[in-house]
Number of protein chains: 2
Amino acid sequence: MATIYDVARQAQVSPATVSRVLNGRTTVDPVMAARVHQAMQDLDYRPNAVARNLRLSQTSLWAVIISDIGNPFFTSMVRGVEDVAQSAGYSVVLCNTDEDPEKESRYIAAVLAERMAGVIISTSGRSAVINRLLEARIPVVAIDRQLRGVTIDTVLVDNEHGAGLATTHLLDNGYQRVACITGPRRISTAAQRLRGYQRALRARGREATDALVRYADFREEGGYRAMASLLDSDNPPDSVFATNNLMTVGAVECLVDRGIRVPDEVGVVGFDDIPWAHLVRPSLSTVSQPTYDLGRAAAGLLTERIANPSRLPSTVMLSTGLQVRDSSTRPS
Amino acid sequence: MATIYDVARQAQVSPATVSRVLNGRTTVDPVMAARVHQAMQDLDYRPNAVARNLRLSQTSLWAVIISDIGNPFFTSMVRGVEDVAQSAGYSVVLCNTDEDPEKESRYIAAVLAERMAGVIISTSGRSAVINRLLEARIPVVAIDRQLRGVTIDTVLVDNEHGAGLATTHLLDNGYQRVACITGPRRISTAAQRLRGYQRALRARGREATDALVRYADFREEGGYRAMASLLDSDNPPDSVFATNNLMTVGAVECLVDRGIRVPDEVGVVGFDDIPWAHLVRPSLSTVSQPTYDLGRAAAGLLTERIANPSRLPSTVMLSTGLQVRDSSTRPS
DNA sequence: CTGTTAGCGCATTCAC
DNA sequence: GTGAATGCGCTAACAG
């Protein structure tokens, strides 16, 4: 493949001039520039980004590290990141960890080895993992999940508020025993949504008992099992708030399998939408969040941090809204 | 960040020896090797893949170019690719084109510039685009969609057969006027599934009329509009076969919106599953395909081609199966 | 405004 | 089995 030396020879200029034309930093005699362009075309010259990256000790790759590519929440988010990345001249390397620390570790190693320009991460994220990146001075933005023990740029939604909306809505519709299926304790999102649920109960003078709380894994099967466990308990709930989309699906499956009618017997509200939610019967009431914008915001923060590494970390919080559909409203 | 020179100095050996230890190609005195390892640890040495790539003129990045990251079909496929890539020591750069030729072009440019190790592609793929890659001797595998005008490694499913299964199944269930909503003409998948539909009709002595065929865009809205167009036609169908998952969803939405009962008034079979298909009412009958394995197979082909570039291109065809659920069976 | 030169970090000759 | 030297392709001084 042709190099700038080949182009330089062909255009009868120096390699430096070719480089200048290529990057447009300094001004070059139009005649020479034209010759260079012609030569590049003749030789089908393709700039070698690897060499360029080595020389500049910086790359144009971002890593987006997420825990479940099968969750539409993350794909939508990634799309937001990607659109911004593209227009800022970056490419996105998608890293799916499946919540597996070893996979995560391998990806971090790749980020370090490839000297990637930045990372957007949403995993369980022990801060030890993140520290490896920060020590290497690689810009990092946390998305959807807050990281403990480190202060970095973060993009979140208003989890507590959203969870409160969902819970209050169920109470407003006459449900008495509202349960909560939340995610792993160590994940901020799970904790915040649980807290929002608890606060909403207390605000209505209800007791927030642990008997109505289940911790699952943010996945469909986990939601199913948690719902089953609630139904099998001494005092089953008459409604449930599930703190992510897949667990909501799992919970509803469980209800369907047992022939329990939604919303008549048990009301359901989930956090985050699923695709074709309107085709599901009953259609699911959810706390919707701006997934795509979440990605865009994170990409924006990353861009700013790359431009200005010493800038103080900031947190962006986007808002959520309640989407009332059929699964949570019963004729009173 | 530490380089092999720093490590060499610390371990009191030459940089060449550090490089040897790093790559384990040649044998090194165990004592020295131990010193090197110690030094690497002390300095928290991270190999610089960029420099390595430049030196070797090869990278460990694969590009996976797909047209819609929002389609679970592709994400599942990507996951298959990724798992194989990981274990073969490659990372995956996900490139979402949204069927936009310009985005596609930018990604191809990035592939070329970054000298990526290989490409797995599933887009409209004018062969001109692919030729840029082939000319640069970058290994390419086509997935899901066949490329015209070039002979390269390809992974497909048995589209015609699957479409035949779906169509025959509808006829077997007493539907008389089976329509087909297929994808863009230029995409092989759309053409093959349409052909399978037509053949199945003829095999049953039916006429395969264009009046019952609609070309859409493989997306939800397209499916919706196509269904509407069919229903508004002079001779509306009593059943429909949609050639991908999202268009199936769109078609069903249209039917629901119009209060048309599925499967009683109109039967529906789709190609490819959607997540939580069982929660959708009525549950959707589909031609299921091994999406994850499709990705794995493509990754396998890519690995082989990288190892042996002169190897003859091969085509892998995986099979499909009919999943009968509620949307296509009516009491006769 | 242009050309010469050096070096980014590494793997690989080639002598020893 | 080991070390010195070279170059992968590019950009950024610097000198002209």
What is the distance, to the nearest angstrom, from the [atom1] atom on [X] to the [atom2] atom on [N]?
X: B/Leu112; N: D/dG9; atom1: CG; atom2: C1'; result: 15 Å
X: B/Arg9; N: C/dC10; atom1: CZ; atom2: P; result: 13 Å
X: B/Gln12; N: D/dG3; atom1: CD; atom2: P; result: 11 Å
X: B/Asp29; N: D/dT2; atom1: CG; atom2: P; result: 5 Å
X: B/Tyr5; N: D/dA4; atom1: OH; atom2: C1'; result: 9 Å
X: A/Arg52; N: C/dG7; atom1: CZ; atom2: P; result: 21 Å
X: B/Arg25; N: D/dT2; atom1: CZ; atom2: P; result: 17 Å
X: B/Ile4; N: D/dG3; atom1: CD1; atom2: C1'; result: 12 Å

Compare side-chain N and O positions of [X] against OP1 and OP2 of [N] and report whether any pair is under 4.0 Å apart.
X: B/Thr3; N: C/dG9; result: no
X: A/Asn53; N: D/dC10; result: no
X: A/Thr27; N: C/dC1; result: yes

Does B/Arg55 make a side-chain donor-acceptor contact with the base of D/dG9, cut-off 3.5 Å? no

Base of C/dG9 paired with side chain of A/Arg115 (donor-acceptor, under 3.5 Å):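 Checked by distance alone, the answer is no.
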
Between [options], which nucleotide has the shortest distance from any of its atoms to the side chain of [X]?
X: A/Val28; options: D/dG3, C/dG9, C/dT2; result: C/dT2
X: A/Arg20; options: D/dG3, D/dA13, C/dC10; result: D/dA13
X: A/Asn48; options: C/dC10, D/dA12, D/dC10; result: D/dC10

Measuring from atom CD of B/Glu114 to atom OH of B/Tyr107, what distance do you get when rounded to the nearest 0.5 angstrom? 12.5 Å

When we call it a touch if two heavy atoms are under 4.0 Å apart, what does [X] touch: a base, just sugar-phosphate, or nothing?
X: B/Thr17; answer: sugar-phosphate
X: B/Pro47; answer: sugar-phosphate
X: A/Leu54; answer: base
X: B/Thr26; answer: nothing

Using only atom types and a distance under 3.5 Å, with no angle test, would you say the side chain of B/Thr59 pairs donor to acceptor with the backbone of B/Asn53? no

Just by modelled atom types, is the B/Val13 backbone N or O under 3.5 Å from a matching donor or acceptor in the B/Thr17 side chain?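 Answer holds: no.
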
If the threshold is 4.0 Å, N to carboxylate O, is there a salt bridge linking [X] and [Y]?
X: B/Arg9; Y: B/Asp6; result: yes
X: A/Lys103; Y: B/Asp83; result: yes
X: B/Asp68; Y: A/Arg79; result: yes

A/Met1 or A/Ala16: which one's nearest nucleotide on DNA chain D is closer to the 5' end? A/Met1

